[in-house]
Number of protein chains: 2
Amino acid sequence: MNNAWHTEMLAEAKAGGRVSDRDIVDKVRRAVLMQRLPPGTKLPEVTLGEVFGVSRSVVRKALTRLASEHVIDQRPNQVARVRAPSIEETRETFDARRLVEGEVVALLAGRLPAEAMAALSEQARGEVAAFERGDEPARIEHSLTLHHLLAEHSPNRVLGAMLTDLVLRTSIVIALYKRAGLASCYLAGDHTRLLAHLEAGDAEAARGDIHDHLNGLEALLDLSPREARIDLKSILGRATEQA
Amino acid sequence: MNNAWHTEMLAEAKAGGRVSDRDIVDKVRRAVLMQRLPPGTKLPEVTLGEVFGVSRSVVRKALTRLASEHVIDQRPNQVARVRAPSIEETRETFDARRLVEGEVVALLAGRLPAEAMAALSEQARGEVAAFERGDEPARIEHSLTLHHLLAEHSPNRVLGAMLTDLVLRTSIVIALYKRAGLASCYLAGDHTRLLAHLEAGDAEAARGDIHDHLNGLEALLDLSPREARIDLKSILGRATEQA
DNA sequence: GGCCGTTCTCTTGTATACAAAATGTAGCCA
DNA sequence: TGGCTACATTTTGTATACAAGAGAACGGCC
(Lines give C-alpha, C1' and ligand atoms only; values in the text may rest on other atoms or scores of the structure.)
Protein backbone atom coordinates (compact mmCIF):
# COMPACT_ATOMS: atom_id res chain seq x y z
CA MET A 1 0.00 0.00 0.00
CA ASN A 2 1.43 3.32 -1.11
CA ASN A 3 0.76 5.99 1.46
CA ALA A 4 3.81 8.14 1.11
CA TRP A 5 1.61 11.16 0.52
CA HIS A 6 0.23 10.84 4.02
CA THR A 7 3.45 11.84 5.70
CA GLU A 8 4.15 14.48 3.07
CA MET A 9 0.83 16.21 3.56
CA LEU A 10 1.04 15.86 7.30
CA ALA A 11 4.32 17.75 7.29
CA GLU A 12 2.85 20.59 5.26
CA ALA A 13 -0.29 20.65 7.35
CA LYS A 14 1.48 20.88 10.69
CA ALA A 15 3.59 23.78 9.51
CA GLY A 16 0.53 25.94 8.87
CA GLY A 17 -1.03 25.55 12.31
CA ARG A 18 -4.79 25.00 12.38
CA VAL A 19 -6.28 23.55 9.24
CA SER A 20 -9.66 24.32 7.76
CA ASP A 21 -11.51 22.74 4.86
CA ARG A 22 -9.96 25.33 2.55
CA ASP A 23 -6.47 24.18 3.50
CA ILE A 24 -7.36 20.60 2.69
CA VAL A 25 -8.83 21.64 -0.65
CA ASP A 26 -5.71 23.61 -1.52
CA LYS A 27 -3.33 20.84 -0.53
CA VAL A 28 -5.20 18.09 -2.32
CA ARG A 29 -5.68 20.22 -5.43
CA ARG A 30 -1.99 21.00 -5.50
CA ALA A 31 -1.06 17.36 -4.96
CA VAL A 32 -3.29 16.32 -7.86
CA LEU A 33 -1.81 19.05 -10.04
CA MET A 34 1.71 17.90 -9.20
CA GLN A 35 0.71 14.29 -9.82
CA ARG A 36 1.55 13.24 -6.29
CA LEU A 37 -2.00 11.90 -6.18
CA PRO A 38 -2.50 9.95 -9.41
CA PRO A 39 -5.98 9.47 -10.85
CA GLY A 40 -7.94 6.75 -9.15
CA THR A 41 -6.24 7.25 -5.79
CA LYS A 42 -8.71 6.63 -3.00
CA LEU A 43 -9.24 9.40 -0.48
CA PRO A 44 -11.04 7.89 2.55
CA GLU A 45 -12.50 10.42 4.93
CA VAL A 46 -10.97 9.01 8.10
CA THR A 47 -7.52 8.81 6.56
CA LEU A 48 -7.59 12.41 5.43
CA GLY A 49 -8.93 13.38 8.82
CA GLU A 50 -6.02 11.71 10.58
CA VAL A 51 -3.51 13.22 8.17
CA PHE A 52 -4.74 16.75 8.73
CA GLY A 53 -5.72 16.31 12.35
CA VAL A 54 -9.37 17.19 11.89
CA SER A 55 -12.61 15.27 12.08
CA ARG A 56 -14.60 13.85 9.20
CA SER A 57 -16.94 16.87 9.20
CA VAL A 58 -14.23 19.14 7.88
CA VAL A 59 -12.91 16.52 5.49
CA ARG A 60 -16.37 15.98 4.06
CA LYS A 61 -16.83 19.64 3.34
CA ALA A 62 -13.44 19.72 1.64
CA LEU A 63 -14.30 16.69 -0.47
CA THR A 64 -17.58 18.25 -1.54
CA ARG A 65 -15.75 21.35 -2.69
CA LEU A 66 -13.12 19.30 -4.52
CA ALA A 67 -15.89 17.42 -6.30
CA SER A 68 -17.52 20.66 -7.41
CA GLU A 69 -14.10 21.70 -8.78
CA HIS A 70 -13.99 18.45 -10.75
CA VAL A 71 -10.81 17.38 -8.98
CA ILE A 72 -12.28 14.24 -7.45
CA ASP A 73 -15.17 11.88 -8.08
CA GLN A 74 -17.65 11.43 -5.26
CA ARG A 75 -20.24 8.69 -5.65
CA PRO A 76 -22.81 7.71 -3.01
CA ASN A 77 -21.59 5.18 -0.45
CA GLN A 78 -18.24 5.00 -2.16
CA VAL A 79 -14.84 6.39 -1.31
CA ALA A 80 -13.89 9.59 -3.10
CA ARG A 81 -11.28 9.11 -5.80
CA VAL A 82 -9.00 11.38 -7.75
CA ARG A 83 -10.73 11.97 -11.07
CA ALA A 84 -9.36 10.62 -14.32
CA PRO A 85 -10.74 12.77 -17.13
CA SER A 86 -11.15 10.83 -20.36
CA ILE A 87 -9.47 11.69 -23.63
CA GLU A 88 -12.78 12.94 -24.91
CA GLU A 89 -13.32 15.18 -21.91
CA THR A 90 -9.79 16.47 -22.28
CA ARG A 91 -10.49 17.63 -25.82
CA GLU A 92 -13.77 19.18 -24.73
CA THR A 93 -12.09 20.98 -21.86
CA PHE A 94 -9.55 22.48 -24.25
CA ASP A 95 -12.32 23.53 -26.64
CA ALA A 96 -14.24 25.16 -23.80
CA ARG A 97 -11.17 26.95 -22.57
CA ARG A 98 -10.35 28.21 -26.07
CA LEU A 99 -13.80 29.74 -26.25
CA VAL A 100 -13.83 31.27 -22.78
CA GLU A 101 -10.23 32.41 -22.45
CA GLY A 102 -10.29 33.75 -26.00
CA GLU A 103 -13.26 35.91 -25.09
CA VAL A 104 -11.70 37.02 -21.83
CA VAL A 105 -8.46 38.21 -23.41
CA ALA A 106 -10.43 39.90 -26.20
CA LEU A 107 -12.36 41.80 -23.53
CA LEU A 108 -9.15 42.51 -21.70
CA ALA A 109 -7.17 43.89 -24.64
CA GLY A 110 -6.20 47.50 -24.06
CA ARG A 111 -8.06 47.64 -20.78
CA LEU A 112 -5.50 46.32 -18.36
CA PRO A 113 -4.17 48.80 -15.79
CA ALA A 114 -0.41 49.26 -15.71
CA GLU A 115 0.03 47.40 -12.45
CA ALA A 116 -1.85 44.38 -13.78
CA MET A 117 0.30 44.34 -16.91
CA ALA A 118 3.37 44.51 -14.70
CA ALA A 119 2.22 41.56 -12.63
CA LEU A 120 1.54 39.56 -15.78
CA SER A 121 4.94 40.43 -17.23
CA GLU A 122 6.60 39.38 -14.01
CA GLN A 123 5.01 35.96 -14.22
CA ALA A 124 6.01 35.64 -17.87
CA ARG A 125 9.60 36.53 -17.02
CA GLY A 126 9.58 34.17 -14.06
CA GLU A 127 8.37 31.38 -16.33
CA VAL A 128 11.21 31.92 -18.81
CA ALA A 129 13.76 31.97 -16.00
CA ALA A 130 12.37 28.82 -14.42
CA PHE A 131 12.40 27.06 -17.77
CA GLU A 132 15.98 28.04 -18.46
CA ARG A 133 17.19 26.69 -15.15
CA GLY A 134 15.15 23.52 -15.65
CA ASP A 135 12.82 24.09 -12.70
CA GLU A 136 9.61 22.66 -14.13
CA PRO A 137 7.44 22.95 -10.99
CA ALA A 138 8.30 26.64 -10.70
CA ARG A 139 7.61 27.14 -14.42
CA ILE A 140 4.17 25.55 -14.05
CA GLU A 141 3.51 27.74 -11.03
CA HIS A 142 4.31 30.90 -12.98
CA SER A 143 2.27 29.82 -15.97
CA LEU A 144 -0.72 28.96 -13.79
CA THR A 145 -0.48 32.26 -11.93
CA LEU A 146 -0.39 34.15 -15.21
CA HIS A 147 -3.59 32.56 -16.45
CA HIS A 148 -5.26 32.95 -13.09
CA LEU A 149 -4.40 36.65 -13.16
CA LEU A 150 -6.06 36.91 -16.57
CA ALA A 151 -9.16 35.26 -15.12
CA GLU A 152 -9.17 37.56 -12.09
CA HIS A 153 -8.91 40.69 -14.19
CA SER A 154 -11.66 39.63 -16.56
CA PRO A 155 -14.15 42.50 -16.86
CA ASN A 156 -16.80 39.80 -16.97
CA ARG A 157 -16.48 38.08 -13.60
CA VAL A 158 -18.80 35.26 -14.54
CA LEU A 159 -16.54 34.33 -17.42
CA GLY A 160 -13.55 34.90 -15.15
CA ALA A 161 -14.76 32.34 -12.65
CA MET A 162 -15.40 29.87 -15.45
CA LEU A 163 -11.91 30.44 -16.76
CA THR A 164 -10.39 29.79 -13.34
CA ASP A 165 -12.11 26.42 -13.32
CA LEU A 166 -11.03 25.61 -16.86
CA VAL A 167 -7.41 26.55 -16.20
CA LEU A 168 -7.31 24.12 -13.29
CA ARG A 169 -8.91 21.34 -15.31
CA THR A 170 -6.65 21.76 -18.31
CA SER A 171 -3.63 21.79 -16.01
CA ILE A 172 -4.72 18.49 -14.52
CA VAL A 173 -5.18 16.79 -17.88
CA ILE A 174 -1.90 18.23 -19.16
CA ALA A 175 -0.13 16.60 -16.23
CA LEU A 176 -2.07 13.43 -16.94
CA TYR A 177 -1.61 13.11 -20.67
CA LYS A 178 1.75 14.80 -21.15
CA ARG A 179 3.62 12.86 -23.81
CA ALA A 180 6.02 10.51 -22.07
CA GLY A 181 9.62 11.73 -22.12
CA LEU A 182 8.61 15.36 -22.49
CA ALA A 183 10.49 17.35 -19.89
CA SER A 184 8.32 20.45 -20.10
CA CYS A 185 5.13 21.77 -21.70
CA TYR A 186 6.70 25.14 -22.34
CA LEU A 187 5.90 27.04 -25.52
CA ALA A 188 8.53 29.72 -25.92
CA GLY A 189 7.23 33.20 -26.67
CA ASP A 190 3.51 32.43 -26.43
CA HIS A 191 2.88 34.34 -23.24
CA THR A 192 5.10 37.25 -24.22
CA ARG A 193 3.32 37.60 -27.54
CA LEU A 194 -0.08 37.53 -25.84
CA LEU A 195 0.95 40.21 -23.37
CA ALA A 196 2.21 42.42 -26.18
CA HIS A 197 -1.09 42.17 -28.00
CA LEU A 198 -3.01 42.80 -24.79
CA GLU A 199 -1.04 45.97 -24.17
CA ALA A 200 -1.45 47.08 -27.78
CA GLY A 201 -5.19 46.60 -27.43
CA ASP A 202 -5.52 44.21 -30.35
CA ALA A 203 -8.44 42.05 -29.18
CA GLU A 204 -8.57 39.64 -32.09
CA ALA A 205 -4.83 39.11 -32.11
CA ALA A 206 -4.98 38.28 -28.41
CA ARG A 207 -7.81 35.84 -29.04
CA GLY A 208 -5.71 34.26 -31.77
CA ASP A 209 -2.75 34.00 -29.40
CA ILE A 210 -4.89 32.09 -26.93
CA HIS A 211 -6.12 29.74 -29.64
CA ASP A 212 -2.58 29.11 -30.86
CA HIS A 213 -1.29 28.64 -27.32
CA LEU A 214 -3.93 26.10 -26.39
CA ASN A 215 -3.59 24.30 -29.72
CA GLY A 216 0.13 24.07 -29.12
CA LEU A 217 -0.41 22.76 -25.61
CA GLU A 218 -2.92 20.18 -26.79
CA ALA A 219 -0.49 19.04 -29.48
CA LEU A 220 2.04 18.22 -26.76
CA LEU A 221 -0.34 15.68 -25.26
CA ASP A 222 -0.71 12.06 -26.15
CA LEU A 223 -4.42 11.71 -26.81
CA SER A 224 -4.41 8.66 -29.07
CA PRO A 225 -7.16 6.17 -28.18
CA ARG A 226 -4.74 3.24 -28.13
CA GLU A 227 -2.66 4.81 -25.43
CA ALA A 228 -5.82 5.71 -23.59
CA ARG A 229 -6.59 2.09 -22.88
CA ILE A 230 -3.15 1.44 -21.53
CA ASP A 231 -3.49 4.46 -19.33
CA LEU A 232 -6.87 3.29 -18.08
CA LYS A 233 -5.41 -0.06 -17.14
CA SER A 234 -2.56 1.48 -15.23
CA ILE A 235 -5.01 3.74 -13.44
CA LEU A 236 -7.20 0.85 -12.42
CA GLY A 237 -4.12 -1.08 -11.40
CA ARG A 238 -2.99 1.74 -9.22
CA ALA A 239 -6.42 2.09 -7.72
CA THR A 240 -6.60 -1.52 -6.55
CA GLU A 241 -3.00 -1.39 -5.41
CA GLN A 242 -3.82 1.45 -3.10
CA ALA A 243 -7.15 0.13 -1.92
CA MET B 1 -42.07 36.91 10.62
CA ASN B 2 -43.08 35.52 7.26
CA ASN B 3 -42.65 31.76 7.30
CA ALA B 4 -45.34 30.70 4.90
CA TRP B 5 -42.80 28.83 2.80
CA HIS B 6 -42.12 26.53 5.72
CA THR B 7 -45.48 24.86 5.56
CA GLU B 8 -45.49 24.87 1.77
CA MET B 9 -42.18 23.06 1.52
CA LEU B 10 -43.08 20.74 4.32
CA ALA B 11 -46.13 19.60 2.41
CA GLU B 12 -44.11 18.92 -0.70
CA ALA B 13 -41.42 17.19 1.27
CA LYS B 14 -43.73 14.83 3.10
CA ALA B 15 -45.35 13.72 -0.13
CA GLY B 16 -42.07 12.42 -1.50
CA GLY B 17 -41.24 10.19 1.45
CA ARG B 18 -37.61 10.27 2.60
CA VAL B 19 -35.70 13.40 1.74
CA SER B 20 -32.05 13.62 0.84
CA ASP B 21 -29.82 16.63 0.29
CA ARG B 22 -30.68 16.51 -3.41
CA ASP B 23 -34.37 16.93 -2.62
CA ILE B 24 -33.65 19.99 -0.54
CA VAL B 25 -31.49 21.46 -3.28
CA ASP B 26 -34.21 20.90 -5.86
CA LYS B 27 -36.97 22.36 -3.72
CA VAL B 28 -35.02 25.43 -2.67
CA ARG B 29 -33.78 26.04 -6.21
CA ARG B 30 -37.31 25.81 -7.53
CA ALA B 31 -38.60 28.10 -4.80
CA VAL B 32 -35.98 30.70 -5.64
CA LEU B 33 -36.79 30.39 -9.33
CA MET B 34 -40.48 30.88 -8.64
CA GLN B 35 -39.68 33.81 -6.35
CA ARG B 36 -41.26 32.14 -3.37
CA LEU B 37 -37.93 32.76 -1.66
CA PRO B 38 -37.00 36.39 -2.46
CA PRO B 39 -33.34 37.47 -2.45
CA GLY B 40 -31.99 38.09 1.01
CA THR B 41 -34.23 35.51 2.66
CA LYS B 42 -32.39 33.84 5.51
CA LEU B 43 -32.12 30.08 5.41
CA PRO B 44 -31.06 28.92 8.91
CA GLU B 45 -29.89 25.33 9.07
CA VAL B 46 -32.10 24.24 11.95
CA THR B 47 -35.19 25.72 10.38
CA LEU B 48 -34.61 23.93 7.09
CA GLY B 49 -33.86 20.77 9.02
CA GLU B 50 -37.17 20.97 10.85
CA VAL B 51 -39.06 21.73 7.65
CA PHE B 52 -37.66 18.74 5.82
CA GLY B 53 -37.44 16.45 8.82
CA VAL B 54 -33.70 15.90 8.60
CA SER B 55 -30.73 16.92 10.69
CA ARG B 56 -28.34 19.75 10.05
CA SER B 57 -25.83 17.43 8.41
CA VAL B 58 -28.04 16.93 5.40
CA VAL B 59 -29.07 20.57 5.30
CA ARG B 60 -25.47 21.68 5.38
CA LYS B 61 -24.58 19.54 2.41
CA ALA B 62 -27.57 20.91 0.51
CA LEU B 63 -26.58 24.48 1.32
CA THR B 64 -23.04 23.87 0.14
CA ARG B 65 -24.35 22.59 -3.17
CA LEU B 66 -26.73 25.51 -3.52
CA ALA B 67 -23.86 27.90 -2.91
CA SER B 68 -21.78 26.24 -5.62
CA GLU B 69 -24.76 26.69 -7.95
CA HIS B 70 -24.77 30.40 -7.08
CA VAL B 71 -28.31 30.18 -5.74
CA ILE B 72 -27.42 31.24 -2.20
CA ASP B 73 -24.66 33.14 -0.45
CA GLN B 74 -22.81 31.31 2.29
CA ARG B 75 -20.41 33.33 4.43
CA PRO B 76 -18.50 31.98 7.43
CA ASN B 77 -20.38 32.10 10.73
CA GLN B 78 -23.34 33.68 9.02
CA VAL B 79 -26.72 32.39 7.98
CA ALA B 80 -27.07 31.40 4.35
CA ARG B 81 -29.14 33.82 2.30
CA VAL B 82 -30.81 33.74 -1.06
CA ARG B 83 -28.44 35.48 -3.42
CA ALA B 84 -29.29 38.82 -5.00
CA PRO B 85 -27.18 39.12 -8.17
CA SER B 86 -26.32 42.72 -8.97
CA ILE B 87 -27.27 44.52 -12.17
CA GLU B 88 -23.68 44.26 -13.28
CA GLU B 89 -23.55 40.52 -12.66
CA THR B 90 -26.85 40.14 -14.48
CA ARG B 91 -25.38 41.72 -17.61
CA GLU B 92 -22.25 39.60 -17.30
CA THR B 93 -24.31 36.45 -16.89
CA PHE B 94 -26.22 37.24 -20.06
CA ASP B 95 -22.98 37.93 -21.92
CA ALA B 96 -21.51 34.64 -20.74
CA ARG B 97 -24.62 32.74 -21.71
CA ARG B 98 -24.67 34.34 -25.15
CA LEU B 99 -21.13 33.12 -25.69
CA VAL B 100 -21.62 29.61 -24.35
CA GLU B 101 -25.12 28.85 -25.59
CA GLY B 102 -24.29 30.34 -28.97
CA GLU B 103 -21.38 27.95 -29.29
CA VAL B 104 -23.45 25.00 -28.09
CA VAL B 105 -26.22 25.50 -30.63
CA ALA B 106 -23.62 26.08 -33.34
CA LEU B 107 -22.08 22.72 -32.47
CA LEU B 108 -25.53 21.18 -32.29
CA ALA B 109 -26.80 22.39 -35.67
CA GLY B 110 -27.58 19.50 -37.97
CA ARG B 111 -26.37 16.95 -35.43
CA LEU B 112 -29.46 16.42 -33.32
CA PRO B 113 -31.03 12.98 -33.53
CA ALA B 114 -34.70 12.89 -34.50
CA GLU B 115 -35.89 11.97 -31.04
CA ALA B 116 -34.03 14.89 -29.50
CA MET B 117 -35.55 17.26 -32.05
CA ALA B 118 -38.97 15.84 -31.23
CA ALA B 119 -38.45 16.42 -27.51
CA LEU B 120 -37.35 19.99 -28.17
CA SER B 121 -40.34 20.64 -30.42
CA GLU B 122 -42.65 19.29 -27.78
CA GLN B 123 -41.31 21.75 -25.24
CA ALA B 124 -41.65 24.60 -27.73
CA ARG B 125 -45.23 23.64 -28.46
CA GLY B 126 -45.96 23.27 -24.76
CA GLU B 127 -44.57 26.74 -24.15
CA VAL B 128 -46.83 28.29 -26.76
CA ALA B 129 -49.86 26.50 -25.36
CA ALA B 130 -49.05 27.54 -21.80
CA PHE B 131 -48.57 31.14 -22.91
CA GLU B 132 -51.87 31.18 -24.75
CA ARG B 133 -53.78 29.92 -21.76
CA GLY B 134 -51.91 32.37 -19.51
CA ASP B 135 -50.18 29.74 -17.39
CA GLU B 136 -46.87 31.52 -16.80
CA PRO B 137 -45.32 28.96 -14.41
CA ALA B 138 -45.92 26.19 -16.95
CA ARG B 139 -44.51 28.37 -19.73
CA ILE B 140 -41.35 28.99 -17.72
CA GLU B 141 -41.10 25.28 -17.01
CA HIS B 142 -41.25 24.44 -20.72
CA SER B 143 -38.78 27.13 -21.66
CA LEU B 144 -36.35 26.00 -18.99
CA THR B 145 -36.67 22.37 -20.04
CA LEU B 146 -35.99 23.30 -23.65
CA HIS B 147 -32.75 25.07 -22.82
CA HIS B 148 -31.73 22.30 -20.43
CA LEU B 149 -32.26 19.80 -23.23
CA LEU B 150 -29.96 21.86 -25.44
CA ALA B 151 -27.34 21.78 -22.71
CA GLU B 152 -27.72 18.05 -22.20
CA HIS B 153 -27.32 17.28 -25.88
CA SER B 154 -24.28 19.46 -26.27
CA PRO B 155 -21.57 17.43 -28.00
CA ASN B 156 -19.15 19.21 -25.69
CA ARG B 157 -20.24 18.14 -22.23
CA VAL B 158 -18.02 20.62 -20.46
CA LEU B 159 -19.76 23.47 -22.24
CA GLY B 160 -23.06 21.71 -21.64
CA ALA B 161 -22.55 21.70 -17.89
CA MET B 162 -21.59 25.36 -17.99
CA LEU B 163 -24.72 26.14 -19.96
CA THR B 164 -26.89 24.35 -17.42
CA ASP B 165 -25.48 26.60 -14.74
CA LEU B 166 -25.93 29.74 -16.84
CA VAL B 167 -29.53 28.90 -17.73
CA LEU B 168 -30.37 28.61 -14.05
CA ARG B 169 -28.63 31.86 -13.20
CA THR B 170 -30.25 33.83 -15.99
CA SER B 171 -33.64 32.45 -15.01
CA ILE B 172 -33.13 33.69 -11.48
CA VAL B 173 -32.18 37.20 -12.55
CA ILE B 174 -35.03 37.31 -15.05
CA ALA B 175 -37.43 36.57 -12.23
CA LEU B 176 -35.67 39.20 -10.15
CA TYR B 177 -35.43 42.06 -12.61
CA LYS B 178 -38.49 41.43 -14.73
CA ARG B 179 -39.99 44.81 -15.57
CA ALA B 180 -42.85 45.44 -13.19
CA GLY B 181 -46.25 44.82 -14.72
CA LEU B 182 -44.91 42.46 -17.34
CA ALA B 183 -47.06 39.36 -17.26
CA SER B 184 -44.65 37.15 -19.16
CA CYS B 185 -41.12 37.08 -20.59
CA TYR B 186 -42.27 35.23 -23.65
CA LEU B 187 -40.75 36.03 -27.05
CA ALA B 188 -43.03 34.60 -29.67
CA GLY B 189 -41.36 32.53 -32.34
CA ASP B 190 -37.81 32.65 -30.98
CA HIS B 191 -37.65 29.01 -29.98
CA THR B 192 -39.42 27.80 -33.09
CA ARG B 193 -37.02 29.73 -35.31
CA LEU B 194 -34.02 28.34 -33.44
CA LEU B 195 -35.27 24.78 -33.78
CA ALA B 196 -35.81 25.24 -37.51
CA HIS B 197 -32.24 26.44 -37.98
CA LEU B 198 -30.93 23.60 -35.82
CA GLU B 199 -32.74 21.08 -37.95
CA ALA B 200 -31.57 22.77 -41.15
CA GLY B 201 -28.00 22.57 -39.86
CA ASP B 202 -27.31 26.28 -40.15
CA ALA B 203 -24.85 26.78 -37.29
CA GLU B 204 -24.35 30.51 -37.62
CA ALA B 205 -28.07 31.19 -37.96
CA ALA B 206 -28.66 29.20 -34.78
CA ARG B 207 -25.96 31.17 -33.00
CA GLY B 208 -27.64 34.33 -34.19
CA ASP B 209 -30.99 33.11 -32.92
CA ILE B 210 -29.54 32.60 -29.48
CA HIS B 211 -27.99 36.07 -29.50
CA ASP B 212 -31.28 37.64 -30.56
CA HIS B 213 -33.24 35.60 -28.05
CA LEU B 214 -31.04 36.59 -25.15
CA ASN B 215 -30.89 40.21 -26.26
CA GLY B 216 -34.66 40.21 -26.39
CA LEU B 217 -34.91 38.69 -22.95
CA GLU B 218 -32.42 41.16 -21.50
CA ALA B 219 -34.40 44.02 -23.03
CA LEU B 220 -37.44 42.91 -21.06
CA LEU B 221 -35.59 43.51 -17.81
CA ASP B 222 -35.35 46.68 -15.84
CA LEU B 223 -31.63 47.11 -15.36
CA SER B 224 -31.44 50.85 -14.84
CA PRO B 225 -29.12 51.84 -11.97
CA ARG B 226 -31.72 54.12 -10.43
CA GLU B 227 -34.17 51.31 -10.09
CA ALA B 228 -31.38 49.17 -8.76
CA ARG B 229 -31.13 51.20 -5.60
CA ILE B 230 -34.82 50.96 -4.97
CA ASP B 231 -34.64 47.24 -5.52
CA LEU B 232 -31.70 46.96 -3.16
CA LYS B 233 -33.65 48.79 -0.50
CA SER B 234 -36.64 46.58 -0.89
CA ILE B 235 -34.36 43.55 -0.72
CA LEU B 236 -32.79 44.75 2.49
CA GLY B 237 -36.24 45.55 3.84
CA ARG B 238 -37.41 42.08 3.05
CA ALA B 239 -34.34 40.55 4.61
CA THR B 240 -34.85 42.23 7.95
CA GLU B 241 -38.54 41.57 7.82
CA GLN B 242 -37.90 37.86 7.61
CA ALA B 243 -35.02 37.72 10.05
C1' DG C 1 -10.72 -26.09 -10.38
C1' DG C 2 -13.96 -22.48 -10.94
C1' DC C 3 -18.25 -20.14 -9.49
C1' DC C 4 -21.55 -18.44 -6.21
C1' DG C 5 -23.47 -17.18 -1.73
C1' DT C 6 -22.55 -15.70 2.96
C1' DT C 7 -20.28 -13.21 6.40
C1' DC C 8 -17.29 -9.81 7.95
C1' DT C 9 -14.91 -5.51 7.75
C1' DC C 10 -14.44 -1.14 6.13
C1' DT C 11 -16.46 3.22 4.66
C1' DT C 12 -19.89 6.40 4.21
C1' DG C 13 -24.66 8.53 5.79
C1' DT C 14 -27.04 10.62 9.48
C1' DA C 15 -28.01 12.42 13.95
C1' DT C 16 -26.61 14.69 18.05
C1' DA C 17 -23.68 17.21 21.56
C1' DC C 18 -20.72 20.75 22.59
C1' DA C 19 -17.82 24.96 21.53
C1' DA C 20 -17.19 29.35 19.26
C1' DA C 21 -18.68 33.21 16.77
C1' DA C 22 -21.98 36.70 15.53
C1' DT C 23 -26.02 39.17 16.11
C1' DG C 24 -29.55 41.54 18.65
C1' DT C 25 -30.98 43.81 23.01
C1' DA C 26 -31.05 46.20 27.07
C1' DG C 27 -29.11 49.30 30.06
C1' DC C 28 -25.88 52.85 31.09
C1' DC C 29 -23.41 57.05 30.48
C1' DA C 30 -22.19 61.41 28.29
C1' DT D 1 -31.13 61.80 22.79
C1' DG D 2 -27.23 59.42 20.92
C1' DG D 3 -23.78 56.17 21.24
C1' DC D 4 -21.49 52.56 23.61
C1' DT D 5 -20.64 48.40 26.42
C1' DA D 6 -21.98 44.15 28.35
C1' DC D 7 -24.97 40.41 28.20
C1' DA D 8 -28.19 37.03 26.25
C1' DT D 9 -29.74 34.58 22.30
C1' DT D 10 -29.26 32.65 18.04
C1' DT D 11 -26.61 30.31 14.64
C1' DT D 12 -22.82 28.17 12.77
C1' DG D 13 -18.32 25.16 13.29
C1' DT D 14 -16.51 20.90 14.89
C1' DA D 15 -16.28 16.43 16.90
C1' DT D 16 -18.24 12.06 17.93
C1' DA D 17 -21.59 8.05 18.05
C1' DC D 18 -24.42 5.03 15.80
C1' DA D 19 -26.70 2.96 11.61
C1' DA D 20 -26.64 1.43 6.87
C1' DG D 21 -24.53 0.27 2.82
C1' DA D 22 -20.72 -1.47 -0.22
C1' DG D 23 -16.82 -4.28 -1.03
C1' DA D 24 -13.62 -8.04 0.14
C1' DA D 25 -12.57 -12.50 1.96
C1' DC D 26 -13.87 -16.88 2.91
C1' DG D 27 -16.16 -21.17 2.54
C1' DG D 28 -19.27 -24.28 0.26
C1' DC D 29 -20.99 -26.16 -3.90
C1' DC D 30 -21.15 -27.74 -8.67
Side-chain angles (χ1 to χ4, degrees), chain A residues 1-3 6 13-14 16-28 37 40-68 72-83 235-243, chain B residues 1-3 5-6 13-14 16-28 37 40-68 72-83 236-243:
Chain A
M1 186 185 285
N2 173 14
N3 52 3
H6 293 180
K14 290 246 170 175
R18 294 168 195 160
V19 291
S20 74
D21 60 317
R22 188 168 293 269
D23 298 315
I24 300 178
V25 171
D26 290 341
K27 295 242 186 321
V28 173
L37 258 43
T41 306
K42 287 185 177 181
L43 300 173
E45 297 175 359
V46 283
T47 309
L48 281 174
E50 289 167 2
V51 169
F52 287 102
V54 293
S55 88
R56 279 177 56 212
S57 318
V58 183
V59 174
R60 274 173 87 76
K61 188 181 291 188
L63 288 177
T64 303
R65 297 190 76 87
L66 284 166
S68 80
I72 65 169
D73 258 338
Q74 221 181 1
R75 310 180 71 126
N77 294 320
Q78 223 161 326
V79 305
R81 288 221 279 253
V82 177
R83 232 169 88 85
I235 288 165
L236 293 176
R238 274 179 191 161
T240 53
E241 183 186 308
Q242 295 181 349
Chain B
M1 189 187 283
N2 172 15
N3 50 5
W5 58 273
H6 293 179
K14 289 245 169 173
R18 294 167 196 161
V19 292
S20 73
D21 59 318
R22 188 168 295 272
D23 298 315
I24 301 178
V25 171
D26 290 342
K27 294 246 187 319
V28 172
L37 257 43
T41 306
K42 286 186 178 181
L43 300 173
E45 298 175 0
V46 284
T47 309
L48 282 173
E50 287 166 5
V51 169
F52 287 102
V54 293
S55 87
R56 280 179 54 212
S57 318
V58 185
V59 174
R60 273 173 88 73
K61 189 181 289 187
L63 289 177
T64 303
R65 298 190 74 88
L66 285 166
S68 81
I72 65 169
D73 258 339
Q74 223 180 0
R75 309 182 69 127
N77 295 317
Q78 222 160 325
V79 307
R81 288 219 279 253
V82 177
R83 232 169 88 85
L236 294 176
R238 274 179 190 160
T240 52
E241 183 186 309
Q242 293 180 352

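Quick note on labels: first sequence line is chain A, next is B, and so on, each numbered from 1. Any value given below was found using the heavy atoms of this structure, including those in side chains, with hydrogens, waters and symmetry copies removed.
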Could you check how far CZ of A/Phe52 sits from P of D/dA15, rounded to whole Å?
-> 14 Å

Point-to-point distance, once rounded to the nearest 0.5 Å, from CD1 of B/Ile72 to OG1 of B/Thr64 | 7.5 Å

Within this structure, what is the CG-to-C1' distance between A/Leu63 and C/dG13, rounded to whole angstrom?
-> 14 Å

What nucleotide among D/dT11, D/dT14, C/dT14 has an atom nearest to a side-chain atom of B/Arg60?
-> D/dT14

Measure the distance from NZ on B/Lys61 to C1' on D/dG13 and round it to the nearest whole Å.
-> 17 Å

For the pair made of NZ in B/Lys42 and P in D/dT11, what is the distance, rounded to whole Å?
-> 8 Å

Quick check: does any side chain N or O of B/Asp23 sit under 3.5 Å from a backbone N or O of B/Ser20, one acting as donor and the other as acceptor?
-> yes

Proximity to the side chain of A/Val58 - top-ranked nucleotide from D/dT14, C/dG13, C/dA15 = D/dT14

Listed nucleotide nearest any side-chain atom of B/Gln78, set D/dT11, C/dT23, C/dG13 = C/dT23

d(CZ, A/Arg81; P, D/dA22) in whole Å = 15 Å

Would you kindly compare B/Val79 and A/Arg56 by the position of their nearest DNA chain D nucleotide and give the one closer to the 5′ end?
-> B/Val79

With nearest nucleotides of DNA chain D determined for B/Glu45 and B/Ser57 from heavy-atom distances, which residue corresponds to the more 5′ nucleotide?
-> B/Glu45

Where A/Val54 and A/Val59 come nearest, the two heavy atoms and their spacing = CG2-CG2, 4.0 Å

Among the nucleotides C/dT11, D/dG13, D/dG21, whichever has the atom closest to the side chain of A/Asn77 is D/dG21

Of all heavy-atom pairs linking B/Asp21 and B/Val58, the shortest is N-CG1, 3.5 Å

Starting at atom CG of A/Leu43, determine the distance to atom P of C/dC10, rounded to an integer number of angstrom.
-> 19 Å

Between atom CD in B/Glu50 and atom P in C/dT16, what is the gap in whole Å?
-> 12 Å

